[in-house]
Participant: 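Got a structure for you, questions after.
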Amino acid sequence: MLKRGYYGNFGGAFLPEILVATFDELEGVYNQARNDPLFWQDYEQLMSSYSCRPTPITDAQNLTRHFGGARIFIKREDLNHTGAHKANNVMGQGLLVKRMGKTRVIAETGAGQHGVATATMAARFGFDCTIYMGEVDVERQRPNVFWMEQLGATVVPVTDGTRILKDAINEAFRDWVTNMDSTHYVLGTACGPHPFPEMVSWFQSIVGKEARRQMLEREGRLPSRVFACVGGGSNAMGIFSGFFDDDVELVGVEAAGRGLDSGEHASRLCSGDASVGVAQGYKTYFLQDGDGQMRETHSIAAGLDYVGVSPILSDLKEKGRVRFEGATDREVIEALRLTMKKEGVIPALESAHAFARAFKEAPGMSTDEIILINQSGRGDKDIFTIADAFDDPKWKQFIIAKAKQYHA
Amino acid sequence: MLETYIRSRLAEKKILLMTHIVIGYPTLEASLEIVRSMVEAGVDLMELQIPFSEPIADGPVILKANQAALANGVTVDQCLDFGRRVARQFPIPFLYMTYYNILFKHGVDRFADGMQAAGLQGAIVPDLPPEEATDYLDAMGRNELSPIFIYSPTTSDARMNTIARVAAGFVYCVARKGVTGDQTEFSQQIGDYLGRCRAATHLPLALGFGVKDKADVDFLAGKADIAVIGSQTLRVVENHGVEAMANFIRQIVN
Ligand SMILES: Cc1ncc(COP(=O)(O)O)c(C=O)c1O
């Protein structure tokens, strides 16, 4: 029997028997789409009319001047409809759902970005939609829950396990094994059983294709380093894939939370705390204990707060093609504050991890080098978390007054 | 060998009963008492679930039991000790049921060698399809242990045949789509499905997912060789305590 979807030692499809036929169908329709040049054209057309593709590249001259090293450019995935790169994957899978003739979609979400994107896609294509979201994330990303519900989705808070992203994925799988005839599971990142890592990376490769072309058009050359934050790895795979064949250093930035030696982080590839395992249908580095039980993770960014990571990135790490670094909660808040003040752009807390690391490296680079940062999403959704982190007194007053109104 | 045992039991009764427990739920001591009362009441074989933090194929009842056992601090080593103890103490075959990461982290060879030394008979690993099972099949085969594989209503005839070539002991047929613990309707459809399973393998067939009482087991007699009761035994313990187990089983077996 054939093993499928391996990248070096990582990946695979560790599926319960009941789902094997569903994955065969998905793989079939995905391969068909991939071999059909018209599909990619349709996809680009959809993304240019329903979202803001191609997203621009911003020359961050003020940040460049501030650090006095490499020139800093930002790929603006925050300008997608719904405010993150998640839209790329979701609309692509939506087209496949239509091809399969299914009528319902389900998804997990951490930050809520993938959930909101899925809810818009479902509304647009006329699918029923259920979103699974850990109870902890429901609390820290309340505005996105509001939007998902307004868009017509049912949001199910997941109260099992650690009540964050991985637990939402488990619940989505449990729904899927019951309802696969009508339902497609729109997995939100480049993880999970084959073909998800490859398929999600393919849809996200639109980011890297554009970015490479834009850098050449604008500057006549490629960046020397590209930075992307890594949750499950989809925005990183997206932008990196544009530069795999070039002499460009690729840097994935994970959540170092309260510090890599604090035990409270979500760094699978840049810390010594993770080891290879098999869970949620695939083999990769997981933050787990010696018995193979998954550990609690922590990040200020809900979208990076995950125990596993794309098997493709695990392989690229072992091959030395991508370097992995961590950024702490504190560094991320500082980077976010600086980016807003200097450039007037508002990165998501997830994306701000890539900024934080780039800011560490930029001053040590020469002024004729170029850095490209993937701004995977916009920070408006994080207003509650960011306001808390900034400890903003006026915001607190506003919330207290607002709460009083509701009591009245 | 497991299959031989099953066949000899089937010479005496029409359908065998396999029950499921989660080791360490509600406590390790209670698990031992549950095994004792199940065996004494006439269960023919048992699956012992080693708890895992991400039990993706399990429904709410077994999921909660996994989490509670882990929250109690149950370790894989304790589970393996438990398996050794019950296999030595009670005269029926015991299988492990767990997710692949538990074997993988322990070392698949070491896991199988340990099972053999402890007197376990086989294992059910629901997230390990044959495609990914090369190491596992080697280790189980070398130790003459039974790798129990799974059929589902969505499994094609061709795939059933392929799975039959690597399975041993018996084949576990899940009754329906969905996770453990939900309601199953025992109807003609299940009979047809089991007929399809029967045509694909010479191994005995177990049927599980949603089997909860004597009526369900009686329905399966003559269609399957083993009825599997999982979530329902946990519910009995939760609602009526460990003391209620012996009666629950006796009333099904008689
Ligand atoms: C804005 C943003 N960036 C990054 C991520 C992390 O996901 P990935 O690593 O798949 O890009 C998320 C996930 O929710 C997100 O919302």
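Below, read A as the first sequence line, B as the second, and so on, with proteins coming before strands; counting in each chain starts at 1. Since we're looking at a predicted model, the values are computed, not measured.
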Participant: Please round to the nearest 0.5 Å and tell me the distance separating atom OH of B:Tyr151 and atom CD1 of A:Ile18.
Facilitator: 14.5 Å
Participant: Are there more than 12 heavy atoms of other residues, nucleotides or ligands under 6.0 Å from atom CD of B:Glu238?
Facilitator: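 More than 12 within 6.0 Å, yes.
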Participant: Looking only at the side chains, is there a donor atom on one of A:Glu17 and B:Ser152 sitting less than 3.5 Å from an acceptor on the other?
Facilitator: no
Participant: Is it the side chain or the backbone of B:Pro126 that comes within 4.5 Å of chain A heavy atoms, both, or neither?
Facilitator: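 Interface part for B:Pro126: backbone (N, CA, C, O).
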Participant: Counting only heavy atoms closer than 4.5 Å, note whether A:Val307 contacts chain B via side chain, backbone, both or neither.
Facilitator: neither
Participant: Which atoms of A:Asp175 are under 4.5 Å from chain B, going by heavy atoms: the side chain, the backbone, both sets, or neither?
Facilitator: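 Nothing of A:Asp175, per the 4.5 Å heavy-atom cut-off to chain B.
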Participant: To the closest 0.5 Å, what do you measure between CD (B:Gln67) and OG1 (A:Thr162)?
Facilitator: 9.0 Å
Participant: Give me the one residue out of A:Gln293, A:Gln280, A:Gln288 that meets side chain to side chain donor-acceptor pair (under 3.5 Å) with B:Asn101.
Facilitator: A:Gln288
Participant: Go through the structure and list residues passing side chain to side chain donor-acceptor pair (under 3.5 Å) with B:Glu3, not counting sequence neighbours.
Facilitator: B:Arg7
Participant: With a 4.5 angstrom heavy-atom cut-off, could you sort out which part of B:Glu54 is near chain A: side chain, backbone, both or neither?
Facilitator: both
Participant: Would A:Lys283 and B:Glu132 pass as an ion pair if we require N to O under 4.0 Å?
Facilitator: no
Participant: Which heavy-atom pair separates B:Phe52 from A:Val278 by the least distance, and what is that distance?
Facilitator: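 B:Phe52 and A:Val278 have their closest heavy atoms at CZ-O, 4.3 Å.
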Participant: Does B:Gln189 have more than 12 heavy atoms from other residues, nucleotides or ligands lying within 6.0 Å of its CD?
Facilitator: no
Participant: Carefully, step by step, assess B:Thr154 and A:Val20 under the rule side chain to side chain contact (heavy atoms under 4.5 Å, CB included).
Facilitator: CA-CA 8 Å; B:Thr154 60; A:Val20 169; over 6 Å; no
Participant: State whether the number of non-hydrogen atoms from other residues, nucleotides or ligands found under 6.0 Å of A:Lys98 atom NZ is greater than 12.
Facilitator: no
Participant: With rounding to the nearest 0.5 angstrom, report the CZ to CD1 distance, A:Phe14 to B:Ile56.
Facilitator: 12.5 Å
Participant: Is it the side chain or the backbone of A:Phe173 that comes within 4.5 Å of chain B heavy atoms, both, or neither?
Facilitator: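 When you check distances to chain B, only side chain atoms of A:Phe173 fall under 4.5 Å.
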Participant: Could you tell me which of A:Pro16, A:Ala13, A:Gly161 has the largest number of non-hydrogen atom pairs under 4.5 Å with chain B?
Facilitator: A:Ala13
Participant: Quick one: what part of B:Leu63 sits under 4.5 Å from any heavy atom of chain A, side chain, backbone, both or neither?
Facilitator: side chain
Participant: Less than 4.5 Å to any heavy atom of chain A: does that hold for the side chain of B:Pro60, its backbone, both, or neither?
Facilitator: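 When you check distances to chain A, no heavy atom of B:Pro60 falls under 4.5 Å.
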Participant: Could you note down all residue pairs passing salt bridge (charged side-chain N to carboxylate O under 4.0 Å, His left out) where residues 194-209 of chain B supplies at least one of them, sequence neighbours left out?
Facilitator: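 Salt bridge (charged side-chain N to carboxylate O under 4.0 Å, His left out) check on residues 194-209 of chain B returns B:Asp157-B:Arg196, B:Arg198-B:Asp225.
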Participant: Using 4.0 Å as the upper bound for N to carboxylate O, is an ion pair formed by A:Asp289 and B:Lys105?
Facilitator: no
Participant: Please classify the contact between B:Asp58 and chain A as side chain, backbone, both or neither, with a heavy-atom cut-off of under 4.5 Å.
Facilitator: backbone
Participant: When rounded to the nearest 0.5 angstrom, what is the spacing between CG in A:Asp291 and OG1 in B:Thr75?
Facilitator: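 The distance works out to 5.5 Å.
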Participant: Any side-chain donor paired with an acceptor under 3.5 Å for A:Lys166 and B:Ser53?
Facilitator: no
Participant: Using heavy-atom distances under 4.5 Å, tell me whether B:Leu103 contacts chain A through its side chain, its backbone, both, or neither.
Facilitator: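 Looking at B:Leu103, nothing touches chain A.
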Participant: Enter the distance from B:Asp127:CG to A:Leu15:CG here, rounded to the nearest 0.5 Å.
Facilitator: 9.0 Å
Participant: Counting only non-hydrogen atoms closer than 4.5 Å, does B:Tyr99 touch chain A with its backbone (N, CA, C, O), its side chain (CB onward), both, or neither?
Facilitator: neither
Participant: When you measure from the side chain of A:Arg174 to the backbone N and O of B:Gly59, does any donor-acceptor pair fall under 3.5 Å?
Facilitator: no
Participant: Keeping the roles fixed (side chain from A:Thr178, backbone from B:Lys177), state whether a donor-acceptor pair exists under 3.5 Å.
Facilitator: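 Such a contact is absent between A:Thr178 side chain and B:Lys177 backbone.
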